[in-house]
Amino acid sequence: MGPALRQQRGFSPDDVSHGGPLTAVIMCRHIHIIFAQMQGPQMILTHATLATMDGPLIRDGAVVLDGDRIAWAGPMADLPHRGEALDLQGRLVTPGLIDCHTHLVHGGTRAAEFEARLNGASYEEIARAGGGIASTVAATRAASEAELLRSAQMRLDQMRREGVTTVEVKSGYGLDIETELRLLRVARRLQGADVVTSFLGAHAIPPEYKGHADAYLDEQALPALRAAHAAGLADAVDGFCEGIAFSPAQIERVFLESQRLGLPVKLHAEQLSNLHGAALAARFGALSADHLEYLDEDGARAMAAAGTVAVILPGAFYTLRETQLPPIDLLRRHGVRMAVATDYNPGTAPMTSLTLAMNMACTLFRMTVSEVLQGVTIHAAAALGLTDRGRIAPGLRADLAIWEAADPAELGWRIGATPLHARIYGGRLDA
Ligand code: DI6
Ligand code: FE
């Protein structure tokens, strides 16, 4: 924690001439409901630069937290409350960052494949030769739940140090019933950020089912999905629709089962080729379609109509040295909301830095500062179907990131260092 965050008594409770929360009711009618309901311990952040995601930056702003909720946010001049204050001395405050696409839980590394690619092998060649995802599957199956938890927690801790307070975590490196469930159990045990799980049994065809994708779905992925749902381990269902993975018809089978179980869906779509996966996902009201380098106009139109969020993943684009840019202009033109995520995975995005993903989305894809900030807050929340976070507004979760920065452009500007000053998660301050 930086020195400026030492608790300071900015306002004395003695200054409040009428005493207690009811004073706020009388002085400031637009916040009366919130203050009347205040129960938990309160924290006031003062002299902050606020990116609420609901309007322009507020230069001399304040936020009032009540337990694990935001009670009030606005200009200092309107601050209705008195109490313990943290003077942020102009620092930028954003919603806690949301990484809405990660494959955080797995065994092993892929450093050897990294070297093979340096020697000229392509990602698809390695995958077709039984390396790639399959090698991570072997390492994951061999790892104990404790080992998987330890390594995933380490990666999550790296994300937390960059202001992440919510992270989506997929299964997909088990590819059998038992291991897929183990990965989701590990995801549920992660500490220090809110975890949203996605079942990704349709990630790859495991070696023992090579050439028999439908049998794999029937015998492993779909039973694992039902078991995960029954155990409350899956918040959503994902798939990989690609030549080296599952066809649209196979993904549709997974989506039909998800629909039957009442689980929302999302899809890795149009990453390496255009199989019209985004339109398929949109037809199922998908929360998001992710990657999208090869998305066409029909796909963008379908996503816009369904409210499906486009999750932009520059880390995989960078690692694979892709040249096909995701059609950012097309998404803009059709009004498709864009999120930005790390896609942390050991193969195509061994990257836990969400601020680096923001930098890459700006530099490689020409997204604007405002777009990438929305992409890791409000639109990332939408990609997870969450409405209780991603903005700084009364009633939302008290998840905030405080930055050693005065302007949002500084978050994506720096490379290899993240200017996090402190993080507030569930109303509690950590550094
Ligand atoms: N798309 C990707 O980029 C990752 N998974 C996916 O569906 C790659 C996963 C890996 O190579 O391990
Ligand atoms: Fe992914």
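Indexing begins at 1, ligand by ligand and atom by atom, following the structure's order. What you see is a predicted model, and the numbers here were worked out from it, not measured in a lab. Note that these values count all heavy atoms, side chains included, but never hydrogens, waters or copies made by symmetry. Numbering of residues begins at 1 and proceeds along the displayed sequence.
- The aromatic rings of H203 and F240 sit tilted relative to each other, their planes meeting at an angle between 30° and 60°.
- Ion pairing between a basic and an acidic side chain is recognised when a charged N comes within 4.0 Å of a carboxylate O; R188 and D235 show such pairing.
- Summarising the geometry, atom CD1 belonging to I251 is positioned 7.5 Å from atom CG belonging to L217; distances are rounded to the nearest 0.5 Å.
- Given atom 3 (O) of ligand 1, the protein heavy atom at minimum distance is T348 OG1, 2.7 Å.
- Near Y123, with a cut-off below 4.0 Å to any heavy atom, the atoms of ligand 1 are 8 (C), 9 (C), 10 (C), 11 (O).
- At a heavy-atom distance under 4.0 Å, only side-chain atoms of Q271, from C-beta outward, approach ligand 1.
- Restricting D343 to its N, O or S atoms, the one at the least distance from the Fe ion (ligand 2) is OD1.
- Interface of D343 with ligand 1, defined as ligand atoms under 4.0 Å from a residue heavy atom, comprises 3 (O).
- Between E371 and H379, the side chains place no donor N or O within less than 3.5 Å of an acceptor N or O (distance only, hydrogens not considered).
- When hydrogens are left out, the protein atom nearest atom 5 (N) of ligand 1 is H203 NE2, 2.8 Å; that is the closest non-hydrogen contact.
- For N345, the closest heavy-atom approach to ligand 1 falls below 4.0 Å.
- Using a 4.0 angstrom heavy-atom cutoff, R110 counts as in contact with ligand 1.
- Rounded to the nearest 0.5 angstrom, H101 NE2 and S198 OG are separated by 8.5 Å.
- Taking the six-membered ring where tryptophan is involved, the planes of H291 and H268 are tilted, since the angle between them lies from 30° to 60°.
- The closest heavy-atom contact to atom 7 (O) of ligand 1, among the options H268, H101, K170, comes from H268.
- No side-chain heavy atom of E178 sits under 4.5 Å from any side-chain heavy atom of R141.
- The N, O or S atom of H101 lying closest to the Fe ion (ligand 2) is NE2.
- Looking at H268 and the Fe ion (ligand 2) together, the shortest N, O or S contact belongs to NE2.
- For L313, no heavy-atom contact with ligand 1 is shorter than 4.0 Å.
- Side-chain contact, D157 with Q153: a donor N or O sits under 3.5 Å from an acceptor N or O.
- In R150, the CZ atom is not crowded: 12 or fewer heavy atoms of neighbouring residues, nucleotides or ligands sit closer than 6.0 Å.
- Between E242 and ligand 1 there is no heavy-atom distance shorter than 4.0 Å.
- Distance from atom 9 (C) of ligand 1 to its nearest protein heavy atom, with residue and atom name: Y173 OH, 3.2 Å.
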